[in-house]
Protein chains: 4
Amino acid sequence: MPKVSQSYLDARRSQILDAATACFAREGLHRATMQDIVSESGLSPGAIYNYFASKEQIIEAIADERQSKEGSLIREAQKLSDLTNALRRIRDGFFTQLEDPKERRRRRVGIQLWAEAQRNPKIREIVRRGIDGPRDLLSRMITEAQIRREIPRSLDPDATARLMIATFHGFVLQLDWDETVAVEPYLKVLDRCLERLLAPEERKQGKRGTRRGSKGDAGTSSHRVKRRQ
Amino acid sequence: MPKVSQSYLDARRSQILDAATACFAREGLHRATMQDIVSESGLSPGAIYNYFASKEQIIEAIADERQSKEGSLIREAQKLSDLTNALRRIRDGFFTQLEDPKERRRRRVGIQLWAEAQRNPKIREIVRRGIDGPRDLLSRMITEAQIRREIPRSLDPDATARLMIATFHGFVLQLDWDETVAVEPYLKVLDRCLERLLAPEERKQGKRGTRRGSKGDAGTSSHRVKRRQ
Amino acid sequence: MPKVSQSYLDARRSQILDAATACFAREGLHRATMQDIVSESGLSPGAIYNYFASKEQIIEAIADERQSKEGSLIREAQKLSDLTNALRRIRDGFFTQLEDPKERRRRRVGIQLWAEAQRNPKIREIVRRGIDGPRDLLSRMITEAQIRREIPRSLDPDATARLMIATFHGFVLQLDWDETVAVEPYLKVLDRCLERLLAPEERKQGKRGTRRGSKGDAGTSSHRVKRRQ
Amino acid sequence: MPKVSQSYLDARRSQILDAATACFAREGLHRATMQDIVSESGLSPGAIYNYFASKEQIIEAIADERQSKEGSLIREAQKLSDLTNALRRIRDGFFTQLEDPKERRRRRVGIQLWAEAQRNPKIREIVRRGIDGPRDLLSRMITEAQIRREIPRSLDPDATARLMIATFHGFVLQLDWDETVAVEPYLKVLDRCLERLLAPEERKQGKRGTRRGSKGDAGTSSHRVKRRQ
DNA sequence: AATGAATGAGATTTCATTCAT
DNA sequence: CATGAATGAAATCTCATTCAT
């Protein structure tokens, strides 16, 4: 089979990565053997090694794919004018994907990659690129929204971005542990949470009147918490 | 037959689990070999197999330890009268631990256990027990607070509990990827987030515009507190 | 079916053998892969297999080339009238070649063929043909010189031929281990050695008789014994 | 089988090396598989890898053994007072060994090591140590004999040592190609050759030109050949 | 209880060769 | 004749576990 088109080559590559993803989701990164991938893909060991030099490189390729897909999703959203819309778009992008079984399979592998990143510098690099990039983008979007006075300036952009990302990753874990968990109720709480977090601060002088008194009041709780530390 | 004291036996067991945890944190659950654990522990293979029937059982024991520790932390908090205090206690318990290097090492292994849980039913069971239990507790605490009218009834207790847990697990991941991340700023945003999420809803009638303003209520105070940052 | 000229075919064949020789010299007979030869030659696997049915046949062809070249060199020399001149010619033929880098490369492969001959009957056959033939020739030349009374009859022709060949092969090895070894000083000693070996025996009676005379005697007898061989 | 004696360990090591030598002699360094060695030794793969980290290290160990044995043989001889006796001793040591089937087997492997040395730096190192050391020793012995006026000063010690070694290695090759070759006739010619090579030069005046003058010329020619280089 | 050498199934990877195009 | 992707047998090495001492 000589002289084949690039698209043929690409198809084979995808065939391998899909098979590998299926195996990894089923058996785990380490338990899945090359033979498993061979069987799943319908190719021969030699064929696979024509496309990837090692099992590790297959893993890297899978990590890479994931990372680039997420990156572009966020970059898209960034173009939107206001933060609220952008966040909504990002939220939709990430959470609605989760309903797709294929995406869940990829997320399963994603969790394994988190573990793998601890020991494998290349995977670590890829995973971090897939997290740090989006986080920086988010953080910048927040800062800009602060400049535009859309949201309170008191929010730490980096920490806020981290919180947003955490709410997603954390939920991905929960979905992994229990596939029946519904996405929607979670999203509802999450929305409410973000909405209030980003809401403008009141500078009322009216009813609650005391203004400074209230500060003591409400602030107290969060403040107190801090203090003991 | 050499008969030894129970405390001797326990010490050996700990010795093995500590060594294994170190190896797993360093090399990963699969890459770490029994020989690694043998070397790290200073014992012999045979000795180790006198205490644990297999590598897997060592992993299970480590998962168990973790799970029971977290469980008791939450059960403690549950005894507190109001939700705010209970949450504060829980938050402190989980997040301040993270400053401890030994705990971070355990969390590293914890991430690997998340991945392992996908394939290993026993580990899955243990991990889920460590998550579902606390989540149920949290959920119940929320429900009770709603009954006590401490917090809005519109919140879905389960989803809210999930969100809380997600913000912790998600941050654990971020710490794993970058050890230099500061805990405090994250906690500050998280506090503010929860505070506002749980704040009483305004029942204003009329102008939507106010809604956002009022939403600021609770948040505001917490915001001012922020200022010291 | 594209029909091409014989010279085209020959050129391709040489191209392959040259590339293979380069690879074998660089990597060794076993470590050099067909892919190496493919890369080195600039041809495709399929093309190479059009000219040689297997890697082994390439090796055989290389061994063949070598053997026939050496054979003809000796046959040439044989035509000379006296042993001394013939030996000189042979010696020049073999040793002066060694200065040529290309020839050294071939000798490198030659050493590998010596090892390969142990296990591969075909290679063994070819190598032996390349050694036994020349040795027989040498041996016959020596016998004839003895008949012509050019050299002592006490020399065992076969053993003498073997010694001559050994001095060459042995030096080839030394050159292989250290490319900087000078050929000239070696040749000088070798010349002197052969010159004296072939010199007429002294028929002195008396002093020298003591030392090695007896030994010489023994040798003589053994030689006669040999003759039946 | 814990806590075994050092001699037990040594026996196992030898067992492996013996099995490996047998396999290598039979199949060649590359064709012999670890499984062959496993079968031949009667041990398991794991057991073998407890003693040697890789197939290559087994090869190195075999090369090492060989080298050290030869080294000590020569060092022994060196202690003898005069060159003639020392050489005789060395010659006996090397050549009479060759009658031993086990030694022949080792020599077979030795030839493979010569080939292997080309590509494997470690083997190269070991082989060279096994050659250069003895050659230096020989060379020094020759120089000292020259100082003692035992042998002519006109001989280049290094080249002479090389010649001696070559006559051995070259013969080892011939034995490898044809196991039936008799050692004795070869030795006889070799003895005669060395004896005359080392014999005092005749300082006859007169007939120098007549007898072997031409031969001397021959030697010269080789020199001339050199020159153009 | 401890030791640690031995086990052996099984994992990854290689590479000579084929054959559809 | 040439191409080069595919094949798949086989090779090296690993490592959890055992068990005689």
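Every chain is numbered from 1 and lettered A, B, ... according to where its sequence line falls, protein lines coming before strand lines. Note that the structure is a prediction, hence the values are computed from the model and not measured.
Within 4.0 Å (heavy atoms only), B:Ala53 reaches no atom of the nucleic acid at all. If you check every strand for non-hydrogen atoms under 4.0 Å, B:Arg12 touches sugar and phosphate atoms only. Backbone-only engagement by D:Met34 is indicated by non-hydrogen atom pairs under 4.0 Å involving sugar-phosphate atoms exclusively. At a threshold of 4.0 angstrom between heavy atoms, the contacts of C:Phe52 with the nucleic acid are absent. Residue B:Thr33 is classed as a sugar-phosphate contact, given heavy-atom separations below 4.0 Å to backbone atoms only.
When atom types are taken as modelled, the side chain of D:Arg128 and the backbone of C:Trp177 share a donor-acceptor pair closer than 3.5 angstrom. For C:Gln112 (side chain) and C:Leu29 (main-chain N/O), a donor-acceptor pair under 3.5 Å exists by modelled atom type. Using a distance-only test at 3.5 Å, with no hydrogens or angles considered, a donor-acceptor pair links the side chain of B:Asp36 to the main chain of B:Thr33.
E:dT21: Watson-Crick or G-U partner is F:dA2, with both key distances under 3.5 Å. Nucleotide F:dT7 has E:dA16 as its partner under the Watson-Crick or G-U criteria, with both atom distances under 3.5 Å.
To the nearest angstrom, P of E:dA16 lies 15 Å from CG of C:Asn120. Distance CD (A:Glu56) to C1' (E:dT13): 14 Å, rounded to an integer number of Å. Look at NE2 on A:His30: it is 12 Å from P on F:dA16, rounded to the nearest Å. One atom, CD1 of B:Ile48, and another, C1' of F:dT18, lie 14 Å apart when rounded to the nearest Å. The nearest whole Å value for the distance from the CD1 atom in D:Ile16 to the C1' atom in E:dA5 is 11 Å. One atom, CD of A:Gln35, and another, P of E:dT12, lie 9 Å apart when rounded to the nearest Å. Per the geometry, NZ belonging to C:Lys55 stands 15 Å off P belonging to E:dT18, to the nearest Å. If you measure from atom OH of A:Tyr8 to atom P of E:dT21, you get 9 Å, rounded to the nearest angstrom.
Checked against F:dA6, E:dT13, E:dA2, the side chain of A:Tyr51 finds its nearest nucleotide in F:dA6. Checking F:dC1, F:dA6, F:dA9 against the side-chain heavy atoms of A:Pro45 singles out F:dA9 as nearest. Comparing E:dA5, F:dA5, E:dT17 by their closest approach to the side chain of A:Leu9 singles out F:dA5.
Each of B:Ser44 and A:Ala47 has a nearest nucleotide on DNA chain E; the 5'-most of these lies closest to B:Ser44. Each of D:Gly42 and A:Asn50 lies near DNA chain E, and the nucleotide nearest D:Gly42 is the one positioned closer to the 5' end. DNA chain F is contacted by both C:Leu43 and B:Arg31; C:Leu43 maps to the nucleotide lying nearer its 5′ end (nearest heavy atom per residue). Of the residues near DNA chain F, B:Tyr49 and A:Gly46, the one whose nearest nucleotide (by heavy atom distance) lies more toward the 5' end is A:Gly46.
Classified by interplanar angle (parallel below 30°, tilted 30° to 60°, perpendicular above 60°), the ring pair D:His30/C:His30 is parallel.
The two residues A:Ala25 and A:Arg108 make their nearest non-hydrogen contact at O-NE, 3.0 Å.
With respect to the salt-bridge test (charged N to carboxylate O, under 4.0 angstrom), the residues D:Lys69 and D:Glu65 do not qualify.
Separation of the P atoms belonging to E:dA1 and F:dT21 is 22 Å when rounded to the nearest angstrom.
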